[in-house]
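Let me begin by presenting the structure, written as structure tokens, before commenting on it.
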Amino acid sequence: MADISPLLPVSSSDGSSDLTGQATCRRPIKVVVSIFFGLLTVGLFAALLIRNNGSVDYVDVHENERGSLASMAFEKAENLKPVSRGLAAGVSEKSNWVFGGDLPDHPWNNSMLSWQRTAFHFQPEKNWMNDPNGPLFYKGWYHLFYQYNPNAAVWGHIVWGHAVSKDLIHWLHLPLAMAADQWYDKNGVWTGSATILHDGKIVMLYTGSTTEGVQVQNLAYPADQYDPLLVHWVKYPRNPVLVPPPGISPNDFRDPTTAWLTSEGKWRITIGSKINKTGIALVYDTKDFINYEMLDGLLHAVPGTGMWECVDFFPVSETENNGLETSINGPGVKHVVKASLDDDRHDYYAIGTYNNRNGTWIPDRPNIDVGIGLRYDYGIYYAAKTFYDQNKKRRVLWGWIGESDSEAADVKKGWASVQSIPRMILFDKKTGTHLLQWPVEEIDSLRLKGKEFNQVRIQAGSVVPLDIDSATQLDIIAEFKIDSDALEKATGSSDASFDCATSGGAAERGALGPFGLLVLADERLREQTPVYFYMTKGSNGNLKTFFCNDQSRSSKASDVDKHIYGSLVPVLRGENLSIRILVDHSIIESFGQGGRTVITSRVYPTKAIYGAAKVFLFNNATELNVTASLKIWQMNSAFIQPYPNL
Amino acid sequence: MKILIVIIFAFLVCQANAFRPILLLGNQNLIERTCKQTPFYDLCIWSLKSNPESRDASVKKLAQIMVDSLKTKATETLDLIDELLQDGLALDPEMQKALTSCAERYNVIIRGDVPEINEALKTGDYKFAAKGANDAAIEANSCEIEFPTKSPLTDMNKVVHDVSVVAASIVKIIQTKFSF
């Protein structure tokens with residue numbers, strides 16, 4: 001700040017003004033004015049300089065936009081090149097769908113869209129669905145609740161849908177179980193789990209998104225415990241029963257689990273969350289599901305995994321072939337911790353040991369801990385949840401299968417998402433590292449006529465059509481025998497870096513793969529979805545087997561997912577390679593090695609639909625002949641419909 | 001000279017505006033740091049800074065501003081499509097078909113994706129915000145390739161596509177970094 005005191009006129013001690021005084025006054029004014037304008041100029045310069053440093057040169061914006069037009073990812077025909085590796089034989093280049101060859105058709109017409117609806121997978125009559133909620137068996141009925149948008153085929157305005165079944169396959173729709181009608185769930189009646197108490201009563205804990213968008217846990221219970229259909233539900237009048245604890249964000253506190261008993265006779269639940277980038281599972285004990293104490297320790301945490309959604313925690317038997325009730329612990333029992341990772345939208349699990357006393361869990365193999373190791377499913381599969389089915393003494397797994405097409409198509413067809421066929425979960429005794437998932441046996445009741453194919457020889461580089469009638473609702477069980485001589489002769493290579501997702505799919509020929517099945521394929525193979533094995537031999541002679549599902553040529557439409565899914569699958573000495581595939585219109589569920597590695601995908605063909613869909617065996621390996629034996633059943637519809645006369 | 005004091009004082013007040021950018025340097029940095037993590041830096045900067053609410057905004061708020069921008073651009077594009085469709089019989093059938101399909105897609109962006117993203121941002125289930133933003137980019141892309149020859153919407157489709165991608169990137173930042 002300028003020192004203005006020298007500018008103040010010096011008044012003569014006697015205060016008089018005379019002519020000489022006036023002359024003295026006038027000069028200072030001129031000085032003042034010129035200094036003022038000088039400072040003004042300097043100030044303006046300074047302002048301009050500072051503004052320019054902090055500002056953006058707007059002139060450049062448009063030029064940049066136009067400049068990068070050429071590099072933008074619009075899929076014009078000329079920008080895409082065909083996948084081309086290896087000899088043109090078997091699954092040949094001619095049958096590769098080359099984007100540049102044909103212009104994309106104009107999907108989606110009603111015929112294509114209405115074909116997509118599944119026949120025997122659970123889905124509501126219309127609109128959007130996501131996570132399965134509160135599955136349970138009660139008074140002769142299996143119950144499924146689910147996240148539902150009653151207004152649109154996109155996520156939003158979430159409430160609880162409800163359906164019942166006697167056999168986990170034939171479902172009957174019931175009215176909505178819970179609406180977003182309280183301040184504590186106004187912005188969403190989100191995911192939750194059921195616990196069946198000692199006296200057989202049911203309590204439901206679920207997450208509500210409040211009017212302020214805060215995530216809280218709420219208690220609800222059946223209005224009438226004698227109603228086997230559990231149609232009406234009551235919310236505890238003094239909800240919420242849990243709010244985000246200190247240090248936890250109000251946006252990172254959701255999806256309470258089924259409770260299990262502690263050695264002190266209290267009920268214990270876990271709720272997923274995160275602290276910075278570490279995914280965590282918080283633990284609470286309760287006696288009445290109304291008052292809770294949070295344990296100091298976490299059930300488990302894994303750095304770098306981000307938010308843990310839909311945490312699940314359950315015991316599996318190391319020795320028996322049945323499921324275990326959620327509170328069981330002891331010798332011969334391992335515990336599974338599972339989390340849905342918000343960051344990558346995949347479900348991960350790890351097997352470990354639970355310490356009842358301090359409520360902590362340690363993974364058997366920390367290098368494949370929760371979130372960094374095994375997945376339930378290597379395709380589209382999320383928010384999975386298990387329950388103990390006391391009816392058949394098994395642990396059953398539900399999983400949400402979203403769409404992988406555009407939301408415009410979902411809106412046009414009027415619905416989005418299905419649930420997987422419920423899977424029985426068992427500890428894989430043979431490997432000791434994996435869980436096995438297998439469609440519940442009740443699905444077999446949908447099998448109509450079956451056709452067997454025995455010892456079909458598939459030469460290297462060939463495709464074998466399978467003569468069955470319709471090919472959109474199928475249960476396929478296939479076994480592949482490989483010539484062990486060929487395996488030994490094959491040279492070990494630097495195939496060590498193979499990964500289904502980054503490979504060239506079923507068109508990429510290797511010495512020992514790919515070979516498997518083509519489903520939802522049309523006669524000319526313009527559209528095809530390969531489900532296959534790809535074996536590699538390392539330089540040390542070790543064999544690795546990958547199980548993949550290739551969507552890159554599954555449809556001529558350009559607005560659907562074209563990724564290749566899959567993973568390593570453990571194959572033990574003496575085991576044949578086996579695949580089970582459930583084809584149900586736009587969903588394919590594939591199980592490798594008895595369910596050791598599972599891949600679910602959504603497929604939206606434009607041509608390989610209705611009667612044009614076919615099935616083929618293929619072998620695109622260069623040094624391997626394969627023999628396949630399989631049985632293919634036509635599958636009936638499950639006739640999922642509203643509960644009659646309710 | 002009281003007038004002088006007044007003048008000097010007024011001068012200094014005027015100059016204080018020049019220093020305001022320095023005082024808000026904190027938030028300029030957040031906008032710049034955020035936009036650097038998106039593939040379209042200039043578009044991101046321009047969209048955010050032209051909205052006065054970006055002044056003291058959190059990253060979550062920046063995402064919401066981006067979504068507003070998406071809605072505006074999509075609405076402008078839909079208006080243009082409707083105008084072009086009004087030519088009716090003068091349009092060749094391929095163009096008509098493409099424009100109709102584009103109108104459907106843009107309706108979904110405005111009435112499906114945008115509300116989905118907004119609800120997800122508000123309630124903290126960010127994966128659905130990412131889903132809606134990614135889908136908007138796909139819809140814009142899909143509209144563009146509907147046209148067998150020259151598209152009348154190239155520039156606008158590109159803007160909508162890029163704004164969606166920026167929005168999705170900002171959501172990713174919220175998801176993978178600290179809680180807001």
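Numbered from 1 within each chain, the chains take letters A, B, ... in sequence-line order.
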Salt bridge (Lys or Arg N to Asp or Glu O under 4.0 Å) assessment of A/Asp343 paired with B/Lys127: CA-CA 8 Å; A/Asp343 283 3; B/Lys127 64 182 182 292; over 6 Å; no
Residue among B/Ile138, B/Asp125, B/Asn134 with most heavy-atom pairs under 4.5 Å to chain A: B/Asp125
Option in B/Ala120, B/Pro39, B/Gly132, B/Pro115 with maximal non-hydrogen atom pairs under 4.5 Å from chain A: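 With the most close heavy-atom pairs to chain A, the winner is B/Ala120.
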Can you say whether [X] sits under 4.5 Å from chain A via the side chain, the backbone, both, or neither, judging by heavy atoms?
X: B/Ser142; value: side chain
X: B/Asn118; value: neither
X: B/Ala136; value: neither
X: B/Lys172; value: side chain

Is [X] in contact with chain B via its backbone, its side chain, both, or neither, using a 4.5 Å heavy-atom distance?
X: A/Phe253; answer: neither
X: A/Asn149; answer: neither
X: A/Thr211; answer: backbone

Could you tell me which non-hydrogen atom of [X] sits nearest to which non-hydrogen atom of [Y], and how far apart they are?
X: A/Ser558; Y: B/Ile145; value: OG-CD1, 3.0 Å
X: B/Asp135; Y: A/Ala408; value: OD2-N, 4.5 Å
X: B/Thr123; Y: A/Ser209; value: CG2-OG, 3.3 Å
X: A/Ser406; Y: B/Glu139; value: CB-OE2, 3.4 Å
X: B/Glu119; Y: A/His157; value: OE2-N, 2.9 Å

Counting only heavy atoms not in [X] (residues, nucleotides, ligands), do more than 12 fall under 6.0 Å from its [atom1]?
X: B/Lys73; atom1: NZ; value: no
X: B/Gln37; atom1: CD; value: yes
X: A/His563; atom1: NE2; value: no

Chain B interface, residue from A/Arg345, A/Met307, A/Glu309 that has the most non-hydrogen pairs under 4.5 Å: A/Glu309
B/Lys131, B/Arg111, B/Arg105 screened by salt bridge (charged side-chain N to carboxylate O under 4.0 Å, His left out) with A/Glu407, the one that passes: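 Exactly one pass, corresponding to B/Lys131.
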Test item: B/Gln175 side-chain N/O and A/Asp342 main-chain N/O as donor-acceptor pair under 3.5 Å: yes
Whether B/Phe128 and A/Trp128 hold their rings parallel, tilted or perpendicular, with breakpoints at 30° and 60°: perpendicular
Derivation and outcome, side-chain contact (heavy atoms from CB on, under 4.5 Å), residues A/Asn251 and B/Lys60: CA-CA 12 Å; A/Asn251 284 343; B/Lys60 191 165 166 175; 3.1 Å; yes
